[in-house]
Amino acid sequence: MRVFKFGGASVKDAEAVRNVVKVLQEVGHDNTFVVISAMGKTTNAMEKVVAAYFDDKSKLTASIQEVVEYHENILADLFDNKNHPVHARVKLLFEEVKGFLTWNKSPKYAFVYDQVVGYGELVSTTIVSEYLNKVGIPNAWQDVRNLIKTDNNYRDAAVNWERTQNEISTKVDMSKLNITQGFLGSDDNNFTTTLGREGSDYTAAILAYCLNSDSVTIWKDVPGVLNADPRNFEETQLLDKISYREAIELAFYGASVIHPKTLQPLQRKEIPLHVKSFVNPKGKGTMVCKGVGISPEVPCFIVKRDQVLLKLSSLDFSFIVENNISDIFKLFHDHRMKVDLIQNSAISFSVCLDNKFNGLKPMLNELKKRFKVVCHEEVSLYTIRHFDDNAVKSLQNGRSVLVEQRGKETVQLVVK
């Protein structure tokens, strides 16, 4: 059996949904489990709903209505019968969102975030599932929250693999085409959890692992895994084959095509991952599998924007050693700051961080009690795997390099 994952761009409007049907018709859909993300930029729109709930309730109704109208337009295009049951199903889902925001008493942002934002996936899969039925492709809609069980670390939940394996084994009938959501799970109290942004790829890998899938295919708007993101670099090259190890390295450094968590369960069972274009389904794409390195072997460029560079030095010129570094990393953990690069000398310590959970300001207040702190916000972290001199020079040209770090296969530059 196979697992397919379609991202937001592949279902961004009615025409895109029709194209998903074409892809399934062209490559087949027997013994297939399909994971679908929220439509277009719906996750961003749902995040605005959460922001309005906490920061400015006068904007809450309008922010929800914006999401409702976006999906109503897609529904109107796909279903000419205004009495089709899909309209009522989608309306009910949005009523659930409004209901939660009315009765919720929790002040915790991460909890509210997970209960609200996940409706993007629930709505998108409802629409796609009903449209597949309409065009003669019967399928079973699955609520992935009944399948993937997690802890309650909202916004970045960890999978309970034993429970998840049991739920999937007992609730999934692979004689049918199954449609489900990416990104979501549920905790012991059946509250919705999320697996981290871009977690739909990870969902596909979890399902593939538990179902002993033959393969996973991620359908993208690019021809496969490229050696650089075409949105950030002018010249890119398709990678035909990548080993699990190399792909995990690329994902760790921030390659946007593959979610960092996705490859680990696939590698354990040696399940190949295909990254292919939903525009050209028969294109060769990229295969990630057991093997050595990448083919062709060319420099691979990755950029992470909106990073934070901290430079810490001791107030009394004492060494920054194990006990200091241990305390520093505990602060990073407590404030949910992701470390992307570190560099230290005897009396200084530099670190590039991802502030995705907005823990920077309270953390800085604590650091300044013990260290001299220089903070550079809105910096970019460039990583080049399999670098050569020309590749490095192309990034250094005209940029202010704050930190440079080189290894045998990788160079990283923090630039302003």
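For clarity, every value in this text was computed on a predicted model and none was experimentally measured.
- Proximity of a side-chain donor or acceptor of Thr286 to a complementary backbone N or O of Leu239 within less than 3.5 Å is detected.
- Checked by atom type, the side-chain pair Thr125/Gln181 shows a donor-acceptor distance below 3.5 Å.
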Task: Stepwise ring pair (Phe, Tyr, Trp, His ring centres under 6.0 Å) test for Phe191 and Phe111 - done: CA-CA 9 Å; Phe191 286 116; Phe111 172 76; 5.0 Å; yes
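- Side-chain N/O atoms of His376 and Gln307 include no donor and acceptor closer than 3.5 Å.
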Open item on the list: side chain to side chain contact (heavy atoms under 4.5 Å, CB included), that's the test. Do Leu413 and Val403 meet it? Break it down for me.
Closed with: CA-CA 6 Å; Leu413 307 172; Val403 175; over 6 Å; no
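- Shown here for Gly224 and Leu238, the closest heavy-atom pair between the two residues is CA-CD1, 3.7 Å.
- Of all non-hydrogen atoms in Asn212 and Lys269, the two that sit nearest each other are OD1-NZ, 2.6 Å.
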Open item on the list: The test is side chain to side chain contact (heavy atoms under 4.5 Å, CB included); show your working for Lys276 and Ile218 and say whether it passes.
Closed with: CA-CA 6 Å; Lys276 305 188 75 172; Ile218 298 175; over 6 Å; no
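- Using a distance-only test at 3.5 Å, with no hydrogens or angles considered, a donor-acceptor pair links the side chain of Asn178 to the main chain of Asp173.
- The side-chain heavy atoms of Asn189 and Asn152, taken from C-beta on, include no pair separated by under 4.5 Å.
- When Leu122, Val68, Val123 are each tested for a side chain to side chain contact (heavy atoms under 4.5 Å, CB included) with Val90, only one passes: Val123.
- The backbone N or O of Ala391 lies less than 3.5 Å from a partner atom in the side chain of Ser394, making a donor-acceptor pair.
- The aromatic rings of Phe79 and His84 are tilted relative to each other, their planes meeting at an angle between 30° and 60°.
- Summarising the geometry, atom CG belonging to Leu341 is positioned 6.0 Å from atom SG belonging to Cys352; distances are rounded to the nearest 0.5 Å.
- For the pair Trp219 and Pro281, the minimum side-chain heavy-atom distance is below 4.5 Å.
- The two residues Trp141 and Thr126 come nearest to each other via the heavy atoms NE1-N, 3.5 Å.
- Between the side chains of Asn166 and Lys171, not a single donor N or O lies within less than 3.5 Å of an accepting N or O.
- By the 4.5 Å heavy-atom criterion applied to side chains, Asp143 and Thr180 are not counted as neighbours.
- Between the side chain of Glu297 and the backbone N or O of Gly293, no donor-acceptor pair lies under 3.5 Å.
- Counted by atom type alone, Thr32 and Arg2 present one or more donor-acceptor pairs between their side chains at under 3.5 Å.
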Task: Evaluation steps, side-chain hydrogen bond (donor to acceptor under 3.5 Å, both in side chains), between Tyr119 and Glu96 - done: CA-CA 9 Å; Tyr119 275 91; Glu96 288 179 11; 2.7 Å; yes
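- Listed here is the closest heavy atom pair of Met39 and Ile74: SD-CD1, 3.7 Å.
- Side-chain polar atoms of Ser169 and Gln165 form a donor-acceptor pair below 3.5 angstrom.
- Of all heavy-atom pairs spanning Ile302 and Tyr253, the tightest one is CG2-O, 3.4 Å.
- Contact check on Asp240 versus Lys284 returns a salt bridge, with a Lys/Arg side-chain nitrogen under 4.0 Å from an Asp/Glu carboxylate oxygen.
- A 4.5 Å side-chain heavy-atom check between Val288 and Lys241 finds every atom pair outside the cut-off.
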- [ ] Could you go through the side chain to side chain contact (heavy atoms under 4.5 Å, CB included) check for Asn160 and Thr150 one step at a time?
- [x] CA-CA 5 Å; Asn160 181 323; Thr150 73; 6.0 Å; no
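- Between the side chains of Asn227 and Gln237, not a single donor N or O lies within less than 3.5 Å of an accepting N or O.
- Enclosure of atom CD in Glu377 is not indicated, since only 12 or fewer non-hydrogen atoms of other residues, nucleotides or ligands lie within 6.0 angstrom.
- Of the possible donor and acceptor atoms, one in the side chain of Glu121 sits under 3.5 Å from a partner among the backbone N and O of Ala38.
- Within the 4.5 Å cutoff, side-chain heavy atoms of Ile179 are placed close to those of Leu132.
- Ring-centre distance between Tyr113 and Tyr154: not below the 6.0 Å cut-off.
- For the pair Tyr244 and Lys290, the minimum side-chain heavy-atom distance is below 4.5 Å.
- Shortest non-hydrogen contact noted between Leu381 and Val414 is CD1-CG2, 3.8 Å.
- Of the N and O atoms on the side chains of Asn139 and Ser129, at least one donor lies less than 3.5 Å from an acceptor on the other residue.
- Using a 4.0 Å cut-off between a side-chain N of Lys or Arg and a carboxylate O of Asp or Glu, Glu167 and Lys149 do not qualify as a salt bridge.
- Other residues, nucleotides and ligands contribute over 12 non-hydrogen atoms within 6.0 Å of the CD atom of Glu26.
- Within a 6.0 Å sphere centred on NZ of Lys134, other residues, nucleotides and ligands contribute more than 12 heavy atoms.
- Side-chain contact check for Glu246 and His386: at least one donor-acceptor pair (N or O, by modelled atom type) lies under 3.5 Å.
- Counted by atom type alone, Ser37 and Ser200 present one or more donor-acceptor pairs between their side chains at under 3.5 Å.
- Note that Arg268 lies in the cation-pi zone of Tyr209, set by a 6.0 Å cut-off to the ring centre and a 45° limit from the axis.
- In the model, Tyr109 has no side-chain atom that pairs as donor or acceptor with a side-chain atom of Asn358 under 3.5 Å.
- The pair Lys261-Asp201 does not count as a salt bridge, with every side-chain nitrogen at least 4.0 angstrom from each carboxylate oxygen.
- Legend: residues meeting salt bridge (Lys or Arg N to Asp or Glu O under 4.0 Å) with Lys98, ordered by chain and number and at least two apart, are Glu95.
- Under 4.0 Å is where a charged nitrogen must lie from a carboxylate oxygen, and between Lys356 and Asp306 no such pair does.
- Within the 3.5 Å criterion, the main-chain N or O of Glu366 finds no donor-acceptor partner in the side chain of Arg370.
- A side-chain donor-acceptor contact under 3.5 Å links Thr203 to the backbone of Gly199.
- Within the cation-pi definition used here (under 6.0 Å to the ring centroid, within 45° of the axis), Lys338 qualifies as a partner of Phe252.
- Counting only N and O atoms by type, the side chains of Asn104 and Ser106 include no donor and acceptor under 3.5 Å apart.
- Judged by distance alone, with hydrogens and angles left aside, the side-chain atoms of Asp114 form a donor-acceptor pair with the main-chain N or O of Thr194 at under 3.5 Å.
- For the pair Lys57 and Tyr53, the cation-pi test (distance below 6.0 Å, angle within 45°) is passed.
- Between the side chain of Asn19 and the backbone N or O of Phe278, at least one donor-acceptor pair lies under 3.5 Å.
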TODO: Using the side chain to side chain contact (heavy atoms under 4.5 Å, CB included) rule, take Gln343 and Ser348 through it: C-alpha gap first, then chi angles, then the decisive distance, then the call.
DONE: CA-CA 9 Å; Gln343 189 175 83; Ser348 67; over 6 Å; no
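- Atom-to-atom distance recorded for Glu66:CD and Met46:CE is 11.0 Å, nearest 0.5 angstrom.
- The side-chain heavy atoms of Ile137 and Tyr131, taken from C-beta on, include no pair separated by under 4.5 Å.
- Two rings, from His71 and Phe94, have their centers less than 6.0 Å apart.
- Counting heavy atoms from C-beta outward, Val35 and Phe4 have side chains that stay 4.5 Å or more apart.
- Side-chain atoms of Gln25 never come within 3.5 Å of backbone atoms of Val23 as a donor-acceptor pair (strictly under, hydrogens ignored).
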